[in-house]
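Just below is one structure, and these are the notes that go with it.
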Amino acid sequence: MIERLNFIQQRIADDLTAGRNCGLVHTRFPPEPNGYLHIGHAKSICLNFGLARKFSGVCNLRFDDTNPSKEEVEYVDSIKEDVKWLGFDWGENEFFASDYFSRLYDYAIQLIEAGKAYVCDLTPVEIREYRGSLQEPGRNSPYRERSVAENLDLFTRMRSGEFADGSRVLRAKIDMASGNINLRDPVIYRIAHVKHHRTGDKWCIYPMYDFAHGLSDAIEGITHSICTLEFQDHRPLYDWFIEQLETPVKPQQIEFARLNLSFTVMSKRKLMQLVDENLVSGWNDPRLPTLSGLRRRGYTPAAIRNFCERIGVAKRNSMVDVALLEHAIREDLNQRAARYMAVLRPLKVVIENYPEGRIEELEAVNNPEDESMGRRRVPFARELYVEQDDFMEDAPKKFFRLTPGREVRLRYAYYIRCQRVEKDEQGVVTTVYCTYDPATRGGSSPDGRKVKSTLHWVAVKTAIPAEVRLYDRLFSDPEPAAEKDGEPFSKKINPDSLNVLENCQLEPALASVSAKQAVQFERLGYFILDEQDSRRDKPVFNRTVTLRDNWAKKSGARRAQPEKK
RNA sequence: AGGGGCGUCGUCAAGCGGUAAGACACAGGUUUUUGGUGCCUGCAUGCGUAGGUUCGAAUCCUACCGCCCCUGCCA
């Protein structure tokens with residue numbers, strides 16, 4: 001099989017054959033610790049660490065913490081936890097841009113000495129005015145021609161805390177007439193008397209992204225600096241700093257398109273808004289595309305990595321169908337999840353010809369995809385719960401489940417036939433009375449008689465009550481962030497994104513599962529114990545994803561589908 | 001006086017002058033003690049449009065068209 005390289009792998013392979021970077025590949029994942037990681041970051045993590053792995057290189061974890069007013073240790077910790085959980089190990093290579101503040105300051109001094117940077121006293125508003133527009137060139141700042149000595153003096157005093165926030169900045173002296181606005185004398189240092197989560201009060205000036213990022217790359221010996229498309233316009237600036245200064249290496253920036261996923265939002269700002277406005281329960285709400293949310297939802301690292309592998313890496317803006325993510329988790333969990341029986345909306349079944357008080361232990365397969373996962377025993381008795389959806393008094397032709405007169409199989413147990421029903425005053429069926437065929441123990445009949453369907457069930461007497469949270473897509477709009485109809489994304493939350501079922505009944509074996517391992521509730525979907533909200537006497541399970549369901553599809557009850565264009 | 005990118009199936013995405021991979025989705029069939037899984041089949045005479053070069057063009061050239069990003073002391 002021919003291995004397909006994406007365009008970044010190809011570039012690196014070319015660099016290697018050309019003998020560039022001494023044959024080394026060194027990447028980095030550079031999050032700003034101002035929010036939680038989401039699946040878009042997972043794409044970047046898989047890419048950067050994957051590149052290092054593929055080309056026998058190294059990938060650093062570097063926190064881009066140059067703006068202390070937005071950054072917190074809480075985020076640093078969660079980011080580390082998430083990267084580790086995803087399955088990547090940065091070893092000793094954990095760095096912070098703030099580790100380089102002194103060296104970056106020295107670089108700034110060098111720039112000033114070379115006449116390539118100056119202290120500017122324009123106000124923020126004036127700087128914007130002088131910058132010009134997309135159509136018009138900018139004008140030179142009146143402070144542009146200050147002497148090196150004066151710049152040195154002023155910048156030193158900026159550092160020592162002599163000036164107020166916003167009163168002065170250090171700017172690179174490049175070209176106020178450039179078509180690329182990033183080159184119109186960009187600000188490289190600003191004054192901010194703000195405590196930094198790592199350096200404390202040591203600094204009151206902080207470098208800007210464009211200055212800090214590329215030079216941090218250079219300091220770390222990064223060979224390939226992978227970032228997203230919106231930074232393409234910054235590349236000339238990235239290169240400019242590295243050209244002006246003596247750096248250990250000359251990294252190259254390569255941009256790729258960030259991930260967009262249908263039926264969700266990905267920007268930190270929007271995720272933050274959902275959390276702040278309590279539209280979700282927190283950063284780890286299982287409906288969010290955050291890694292902590294996906295983890296709580298029951299997504300596995302392997303499924304997410306596999307998803308990132310399948311979506312590819314390219315430069316065109318795209319919208320990946322969330323169905324692909326769902327496919328990835330089903331594929332993984334089908335192999336590894338142990339099967340259990342759980343009844344979410346219980347309907348009582350009484351087997352009239354089954355002995356009162358008798359309990360049998362029936363053998364069940366834990367995972368038909370993996371014999372090594374063994375078998376277990378499931379208690380069976382005269383009174384059972386089955387799913388309300390599995391019974392219909394007046395059933396259409398294609399309904400294969402329980403209906404008066406029809407015989408069905410109870411999984412691993414017996415064939416039963418519905419004889420009659422009992423209803424309350426409203427006419428709602430409260431109990432279904434059946435008879436069973438003792439000869440069908442285990443679920444097959446000696447005479448080879450076929451049944452149309454197999455139902456899951458739980459014996460009333462041994463059932464464990466539980467809460468189950470049925471999660472679905474957070475938004476009903478496939479592209480909520482686009483706000484095409486003028487409606488804000490926050491108004492497009494899918495009313496069925498969370499459905500809490502309080503009165504679920506589980507088979508007893510489910511009492512001993514942990515949140516480490518997702519399970520399948522047969523015929524329903526994949527679920528995981530919610531560690532945060534479960535109590536000993538009342539476990540809580542979260543639905544990761546439903547099983548594919550052709551019956552539901554055909555019978556109409558469908559959730560929102562992508563609109564046809 | 002504008003600059004930088006990108007257009008290949010419903011959605012992603014290969015393709016690098018030799019006659020349109022693959023995945024998801026979708027539609028059929030088959031197996032099945034999960035209406036699950038597995039297996040089989042179908043799904044771009046077409047590559048934003050129009051010209052041109054060539055024996056041959058999604059790939060090269062030209063011109064159009066469309067979409068995205070850029071005027072933070074954010075990253």
Side-chain angles (χ1 to χ4, degrees), chain A residues 2 4-6 10 30-32 34 64 66-67 69-70 120 122-124 127-129 131-138 165-171 177-184 186-192 206 208-210 212-213 227 229-236 255 257 262 268 309-328 330-331 334-335 339 341 364-365 368-369 398-401 409-413 442-444 451-456 478 520-525 546-555 561-565:
Chain A
I2 301 157
R4 309 281 181 182
L5 298 183
N6 65 46
Q10 230 164 79
E32 183 189 9
N34 69 344
D64 223 333
T66 56
N67 184 4
S69 61
K70 291 185 174 175
C120 180
L122 255 22
T123 65
I127 287 184
R128 195 186 324 132
E129 286 166 2
R131 185 152 40 222
S133 71
L134 295 180
Q135 307 304 328
E136 251 73 49
D165 290 6
S167 59
R168 283 176 231 265
V169 291
L170 183 69
R171 291 229 248 170
S178 173
N180 183 341
I181 289 174
N182 296 118
L183 264 19
R184 319 240 262 229
V187 172
I188 57 180
Y189 262 95
R190 76 285 217 180
I191 302 171
Y206 293 96
M208 299 287 290
Y209 167 85
D210 287 305
H213 196 92
C227 67
L229 252 29
E230 67 271 27
F231 291 104
Q232 282 180 125
D233 292 341
H234 296 243
R235 193 168 65 227
E255 312 85 10
S262 63
K268 276 187 191 174
E309 193 63 43
R310 286 173 187 235
I311 57 177
V313 177
K315 294 193 76 159
R316 68 187 85 106
N317 293 314
S318 59
M319 175 68 63
V320 174
D321 192 338
V322 72
L324 184 58
L325 214 212
E326 294 171 345
H327 169 79
R330 285 193 186 104
E331 183 178 60
N334 177 50
Q335 294 305 314
R339 273 63 167 172
M341 292 197 284
V365 173
E369 305 294 323
K398 302 287 251 181
F399 184 85
F400 300 152
R401 285 109 99 143
R409 170 169 40 234
L410 292 180
R411 182 141 230 228
Y412 301 124
S444 56
V451 289
K452 284 289 241 186
S453 76
T454 302
L455 271 41
H456 61 277
Q520 181 190 109
F521 290 173
E522 294 222 30
R523 302 208 301 136
L524 298 174
T546 61
L547 256 29
R548 284 185 61 201
D549 188 348
N550 283 313
W551 164 245
K553 216 180 277 176
K554 282 173 183 157
S555 59
Q561 288 293 313
E563 283 156 19
K564 295 275 181 281
K565 294 270 163 67

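By convention in this document, chain letters (A, B, ...) are assigned in the order of the sequence lines, proteins followed by strands, and residues within each chain are numbered from 1.
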Below 3.5 Å is the cut-off: list the nitrogen or oxygen pairs between protein and nucleotides 18-23 of chain B, distance only.
unit_1, atom_1, unit_2, atom_2, d
B/A23, O2', A/R310, NH1, 2.9

Notebook entry, point to check: Any side-chain heavy atom of A/V169 sitting closer than 4.5 Å to one from A/I127?
Noted result: yes
Next item on the list: Determine the interatomic distance between P on B/U34 and the same-named atom on B/G38; round to the nearest Å.
Entry: 14 Å
Next item on the list: For nucleotides 64-75 of chain B, just jot down a letter per nucleotide in 5' to 3' order: B, S or -, based on protein non-hydrogen atoms under 4.0 Å.
Entry: ----SBBBSBSB
Check: Looking at side-chain heavy atoms only, is the closest gap between A/L547 and A/E522 below 4.5 Å?
Finding: no
Check: So, A/E32 and A/K70, do they make that salt bridge, N to O below 4.0 Å?
Finding: no
Margin query: Heavy atoms only, 4.0 Å cut-off, all strands: where does A/E255 land among base, sugar-phosphate and nothing?
Written below: nothing
Next item on the list: Please state whether the base of B/U37 and the side chain of A/Q335 form at least one donor-acceptor pair under 3.5 Å?
Entry: no
Check: When you measure from the side chain of A/Q520, which nucleotide among B/U11, B/U34, B/C16 comes out closest?
Finding: B/U34
Item checked: Nucleotide paired to B/A27 in any strand shown, Watson-Crick or G-U, under 3.5 Å -> B/U41
Item checked: P atoms of B/A25 and B/C67, separation to the nearest Å -> 31 Å
Margin query: Distance criterion of 3.5 Å, no angle test: do you see the side chain of A/R339 paired donor-to-acceptor with the base of B/U34?
Written below: yes
Notebook entry, point to check: What nucleotide among B/A1, B/A14, B/G36 has an atom nearest to a side-chain atom of A/N550?
Noted result: B/G36
